[in-house]
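A quick write-up on the structure given underneath.
When a residue number appears, it is its place in the shown sequence, counting from 1. Ligands are counted one by one from 1 in listed order, and the atoms in each one are counted from 1 as well.
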Amino acid sequence: MAVQLGDEAPDFTAETTEGKLNFYEYLGDSWGVLFSHPRDFTPVCTTELGAVAKLKGEFDKRNTKVIAVSVDPVESHHDWVKDIEETQGTAINYPIIGDPDQTVANLYGMIHPNANDTQTVRSVFVIGPDKKVKLTITYPASTGRNFAEILRVIDSLQLTAKHKLATPADWQQGDDAIIVVAVSDDEAKELFPKGFETKKPYLRYTPIP
Ligand code: BEZ
C-alpha cells in the first residue's frame with residue numbers, strides 16, 4: 001500500500017554512504033526529505049544529486065535533512081559519487097542509502113511495476129518533525145526534479161504548520177497568504193494584525209506573519 005499524506009513515515013535502518021543509520025535518528029527533530037533515484041551511473045540522476053548538494057545550505061536554513069536512496073549498493077554509490085563531484089562541481093554532502101534488497105523502496109512504494117519492475121521511480125517524501133508524511137511527489141525516470149519547488153513546498157508547509165494560513169498558486173516565500181476558511185473575520189483581525197484583504201468571503205489575503 002502506498003505511503004499517503006498524514007501517514008507515519010516508515011522507519012528503517014540502512015547502509016548509506018555515511019555508514020549505517022537509522023532514519024528516525026538521522027532526522028531527529030528536523031524536517032526530512034527522502035528522495036529516490038532509479039539507479040547509479042545514469043545521467044539525470046547524476047545532475048539531480050549534484051543539484052541537491054548545491055542546495056544543502058537552503059535545506060539547512062529550513063531545518064531539513066536530506067537523504068537519497070537507490071537500489072544499487074553503497075559500494076557502487078561511492079564510485080558514482082566521484083563522477084558526480086567531477087561533473088557537477090560539488091561534493092555530495094548528505095547520505096545516499098544503498099538499497100539492493102529494495103527494503104526502503106518497498107516500504108515507501110517507490111517501485112511502480114508498470115513503469116519499471118526493478119528500478120525506483122523518482123519519489124520525493126517530505127516528512128515533518130512529527131514523522132508524518134507531509135508531501136509526496138512522483139516523477140518518471142526521464143524527468144529530473146525541480147528542487148526549488150521542493151524548497152518552496154517546505155516553506156509553505158512550515159508556514160501553514162504554525163499559522164491558520166494556506167498558500168495560493170505559485171506562492172513564494174514572502175508573498176501574501178490566504179486565511180483558512182474556518183477562521184472568522186473577527187478571529188482573523190486578532191490573528192493577523194497586519195490586516196487582510198477580502199476578495200470574497202472565502203478568499204482573504206494577508207501578509208505573512
Ligand atoms: C537517468 O537518471 O538518466 C535515468 C535513469 C533511469 C531511466 C532513465 C533515465
Side-chain angles (χ1 to χ4, degrees), residues 1-5 7 9-10 12-21 23 26-27 31-60 62 64-127 133-155 157:
M1 170 105 160
V3 173
Q4 298 185 329
L5 300 190
D7 288 356
F12 56 83
T13 297
E15 295 293 343
T16 80
T17 48
E18 297 185 6
K20 193 172 189 158
L21 64 72
F23 187 47
Y26 173 70
L27 293 178
W31 289 70
V33 174
L34 170 67
F35 67 106
S36 60
H37 57 87
R39 55 176 310 164
D40 294 1
F41 299 101
T42 49
V44 177
C45 298
T46 300
T47 62
E48 286 194 315
L49 292 204
V52 171
K54 288 178 189 161
L55 288 172
K56 174 77 164 33
E58 293 299 321
F59 286 106
D60 287 348
R62 291 161 177 83
T64 300
K65 298 220 171 143
V66 293
I67 186 164
V69 59
S70 94
V71 294
D72 286 313
V74 164
E75 301 73 51
S76 162
H77 295 347
H78 281 304
D79 286 340
W80 182 38
V81 158
K82 292 179 207 146
D83 286 2
I84 300 171
E85 295 184 350
E86 182 191 324
T87 61
Q88 306 305 304
T90 181
I92 294 302
N93 43 23
Y94 54 87
I96 308 173
I97 298 164
D99 194 32
D101 59 4
Q102 306 183 352
T103 303
V104 177
N106 286 327
L107 271 178
Y108 280 83
M110 292 166 165
I111 292 182
H112 295 200
N114 291 328
N116 187 304
D117 57 5
T118 55
Q119 300 174 4
T120 61
V121 290
R122 296 187 195 281
S123 300
V124 184
F125 296 88
V126 174
I127 295 153
V133 174
K134 308 293 183 186
L135 172 81
T136 67
I137 314 182
T138 306
Y139 280 63
S142 50
T143 305
R145 285 158 284 199
N146 180 338
F147 291 95
E149 166 62 4
I150 291 157
L151 289 168
R152 190 191 75 86
V153 179
I154 292 170
D155 284 340
L157 287 167

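Phe147 and Phe35 have their aromatic ring centers within a separation under 6.0 angstrom.
Per-residue contacts place Gln119 under 4.0 angstrom from the following atoms of ligand 1 (heavy atoms of the residue considered): 6 (C). For ligand 1 and Cys45, the ligand atoms under 4.0 Å from any heavy atom of the residue are 1 (C), 2 (O). The contact set between ligand 1 and Val44, taken as ligand atoms under 4.0 Å from a residue heavy atom, comprises 1 (C), 2 (O), 3 (O).
Within the 4.0 Å heavy-atom criterion, both parts of Pro43, backbone and side chain, lie near ligand 1.
Arg122 pairs with exactly one of Ser142, Pro140, Pro38 by the side chain to side chain contact (heavy atoms under 4.5 Å, CB included) rule, that one being Pro38.
The salt bridge (charged side-chain N to carboxylate O under 4.0 Å, His left out) test applied to Lys82 returns Asp79, not counting sequence neighbours. Every residue meeting the side-chain hydrogen bond (donor to acceptor under 3.5 Å, both in side chains) condition with Glu58, not counting sequence neighbours, appears here in chain and number order: Lys61, Arg62.
Scanning all protein heavy atoms for the shortest distance to atom 9 (C) of ligand 1 gives Ala141 O, 3.7 Å. Nearest protein heavy-atom contact of atom 4 (C) of ligand 1 is Arg122 NH2, 3.5 Å.
Between Thr42 and ligand 1, at least one N/O pair is under 3.5 Å apart. The shortest N/O to N/O separation between Ser142 and ligand 1 does not fall below 3.5 Å.
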